[in-house]
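In what follows, a single structure is set out as structure tokens and then discussed.
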Amino acid sequence: MFWLWKNYQTGCGVEPDFAVAIQWLGKAAKHGSISAQTTVESLKKINDILMEQQKDEYNAIVEDIKRLTKVKT
């Protein structure tokens, strides 16, 4: 199952399909593959970092908009 994850992720012998790759990765992790479980944990950490980065960027944009639209009296 982990092998299928890699093949679908990279397109080795099949059309690359990240959605299908993730399904195989999840199945491999559920069936006890340590490599798959480690990969899932790494992807979760990456996701958390990206979500935090997006939140920070969003907040910066909101502050810029507030500053730019502030009416001087």
Side-chain angles (χ1 to χ4, degrees):
M1 286 179 253
F2 189 71
W3 177 78
L4 286 168
W5 141 257
K6 285 297 216 177
N7 287 357
Y8 277 101
Q9 178 198 24
T10 63
C12 181
V14 295
E15 274 300 307
D17 188 329
F18 197 69
V20 173
I22 290 294
Q23 290 173 358
W24 282 113
L25 179 63
K27 289 177 183 182
K30 285 180 184 175
H31 282 87
S33 168
I34 300 299
S35 297
Q37 292 169 357
T38 302
T39 302
V40 167
E41 287 304 313
S42 296
L43 289 173
K44 286 179 181 178
K45 288 177 186 176
I46 291 168
N47 183 64
D48 291 345
I49 291 167
L50 291 174
M51 294 300 288
E52 189 64 33
Q53 183 180 14
Q54 286 178 342
K55 186 171 72 173
D56 291 344
E57 289 173 1
Y58 172 80
N59 289 337
I61 291 169
V62 168
E63 290 304 314
D64 286 343
I65 291 171
K66 286 179 182 177
R67 189 177 67 252
L68 291 170
T69 59
K70 197 174 209 177
V71 178
K72 294 182 182 181
T73 56

Next item on the list: Carefully, step by step, assess E63 and N59 under the rule side chain to side chain contact (heavy atoms under 4.5 Å, CB included).
Entry: CA-CA 6 Å; E63 290 304 314; N59 289 337; 5.6 Å; no
Sequence neighbours excluded, which residues qualify as side-chain contact (heavy atoms from CB on, under 4.5 Å) partners of [X]?
X: K45; answer: none
X: I65; answer: I61, T69
X: Q54; answer: M51
X: Q53; answer: L50, E57

Check: In the hydrophobic clustering that connects Ile, Leu, Val, Met, Phe, Trp and Tyr at side-chain heavy-atom distances below 4.5 Å, which members other than Y58 occupy its cluster, ordered by chain and number?
Finding: V62
Margin query: Measuring from atom NZ of K6 to atom CG of L4, what distance do you get when rounded to the nearest 0.5 angstrom?
Written below: 13.0 Å
Check: Which distance, rounded to the nearest 0.5 Å, do you find between the NE2 of H31 and the CZ of F2?
Finding: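 Between atom NE2 of H31 and atom CZ of F2 there are 15.5 Å.
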Next item on the list: Under the side chain to side chain contact (heavy atoms under 4.5 Å, CB included) rule, what do V20 and W5 come out as? Steps first, then yes or no, please.
Entry: CA-CA 8 Å; V20 173; W5 141 257; over 6 Å; no
Margin query: Tell me whether F18 shares a hydrophobic cluster with M1, the cluster being built from Ile, Leu, Val, Met, Phe, Trp, Tyr side chains joined at under 4.5 Å.
Written below: yes
Next item on the list: Not counting sequence neighbours, which residues clear side chain to side chain donor-acceptor pair (under 3.5 Å) with D64? List them please.
Entry: R67
Next item on the list: Just grab all the salt bridge (Lys or Arg N to Asp or Glu O under 4.0 Å) pairs involving residues 12-32, residues at least two apart or on different chains.
Entry: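 For residues 12-32, and leaving out neighbouring residues, there are no salt bridge (Lys or Arg N to Asp or Glu O under 4.0 Å) pairs at all.
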With a cut-off of 3.5 Å and sequence neighbours excluded, list every side-chain donor-acceptor pair involving residues 32-44.
| residue | atom | partner | partner atom | Å |
| --- | --- | --- | --- | --- |
| S33 | OG | A36 | N | 3.1 |
| Q37 | NE2 | A29 | O | 3.0 |
| T38 | OG1 | I34 | O | 2.9 |
| T39 | OG1 | S35 | O | 2.8 |
| S42 | OG | T38 | O | 3.1 |

